[in-house]
Amino acid sequence: MFVTRFAPSPTGYLHRGHALSALTAHAAARQAKGRFLLRIENIDATRCRPAFEMALLEDLAWLGLEWETPVRRQADHFDDYRAALSHLVGDGLLYRCFRTRKEVALASASAPHGDMEVFTGGPLSAADEAQRLTAGEPFAWRLSLGAAESKLGGFSSLTFTDDAIPVTARPDLGGDVVLARKDVGVAYHLAVVVDDALQGITHVVRGDDLRDATHVQRLLQALLGLPTPSYRHHSLLLDAGGCRLAKRNNAETLRSLRERGMSAVDLRGELGFD
Ligand code: GLU
């Protein structure tokens with residue numbers, strides 16, 4: 001059975017780009033006579049707001065989407081993420097990172113497309129770490145690519161399909177990613193991989209901005225003994241200036257389109273759906 005999901009973070013109002021992702025995943029489920037799930041990715045209490053969550057449910061219903069209930073809300077499932085984290089810590093695959101944001105930036109290289117930070121700084125010395133632990137300094141947990149590579153005997157067996165094309169994962173391109181943030185206690189890649197498995201997701205259908213994230217997510221599936229879904233990434237919508245639609249670029253929200261009198265049918269049509 002085909003099972004897919006739309007997984008927005010309630011950090012702002014949805015825009016056309018979200019509508020495209022949601023409609024693409026929904027249409028894929030319908031075509032495959034499968035299931036469509038909604039997941040609220042709200043682990044980051046510093047940025048997520050209940051009002052945005054309510055608004056997105058309203059916007060998706062306005063768009064004409066239907067999803068199964070209950071909806072999984074990540075903030076209600078920290079125990080699941082902590083269990084996965086302990087598993088990885090227990091296997092010696094993570095290390096503590098006490099560095100500040102600035103220190104991390106200094107110890108990182110920019111990824112080829114500039115969006116992702118590639119941390120290559122490694123752990124502190126045992127003495128330095130012991131001192132900071134005693135001082136009660138907060139820390140993040142990072143995935144040690146070196147430890148992961150030793151455990152798996154290399155990454156060459158880590159394959160997945162992206163748009164039906166077989167790909168060998170290159171988690172090394174993303175560096176030692178954070179799996180538990182200092183402030184939140186978990187991080188995106190870990191929560192997504194755990195949830196995709198717990199929700200029985202067979203097909204991940206999402207925007208091109210997350211294509212590169214698949215590589216480390218495939219590695220985490222291997223380390224946690226979780227199944228690997230098939231992946232499909234759709235191209236992103238661009239604004240008139242050629243920038244991708246994003247909250248930070250003030251993309252027009254679905255509510256604003258609605259207030260201007262646009263109907264859901266018009267928007268679906270504009271995005272290529274009936
Ligand atoms: N919550 C993520 C976002 O809003 C999507 C995660 C995913 O689809 O894997 O960008």
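Predicted model only: the values in this text are computed from it and were never measured. In what follows, every heavy atom counts, from backbone to side chain, and hydrogens, waters and symmetry copies are set aside. All ligand and atom numbering here is 1-based and tracks the order in the structure.
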Among all protein heavy atoms, pick out the one at the shortest distance from atom 9 (O) of ligand 1; state its residue, atom name and that distance to 0.1 Å.
Arg206 NH1, 2.8 Å
Would you please determine whether Phe6 falls within less than 4.0 Å of ligand 1 on a heavy-atom basis?
no
Side-chain ion pair, Arg255 and Asp59, N-O less than 4.0 Å
yes
Close-contact set for ligand 1 against Ser9 heavy atoms, below 4.0 Å:
1 (N), 4 (O)
Do the side chains of Arg244 and Asp208 get close enough for a salt bridge, i.e. N-O under 4.0 angstrom?
no
Less than 3.5 Å between some nitrogen or oxygen of Glu41 and one of ligand 1, yes or no?
yes
Identity and separation of the nearest protein heavy atom to atom 7 (C) of ligand 1:
Arg5 NH1, 3.3 Å
Presence of salt bridge, Arg73 and Asp195, under 4.0 angstrom
no
Is there a nitrogen or oxygen of Leu210 sitting under 3.5 Å from a nitrogen or oxygen of ligand 1?
no
Given side chains that start at C-beta, do those of Arg72 and Leu37 come closer than 4.5 Å, heavy atoms only?
no
Within 45° of the axis and under 6.0 Å from the centre of the six-membered ring of Phe119, does NZ or CZ of Arg142 qualify?
yes
Can you find an N/O atom of Gln217 closer than 3.5 Å to an N/O atom of ligand 1?
no
What protein heavy atom lies closest to atom 5 (C) of ligand 1? Include the residue and the distance to one decimal.
Ala7 O, 3.3 Å
So that I can tick it off, tell me whether Arg39 and Glu41 are bridged by a salt bridge, with the cut-off set at under 4.0 angstrom between side-chain N and carboxylate O.
yes
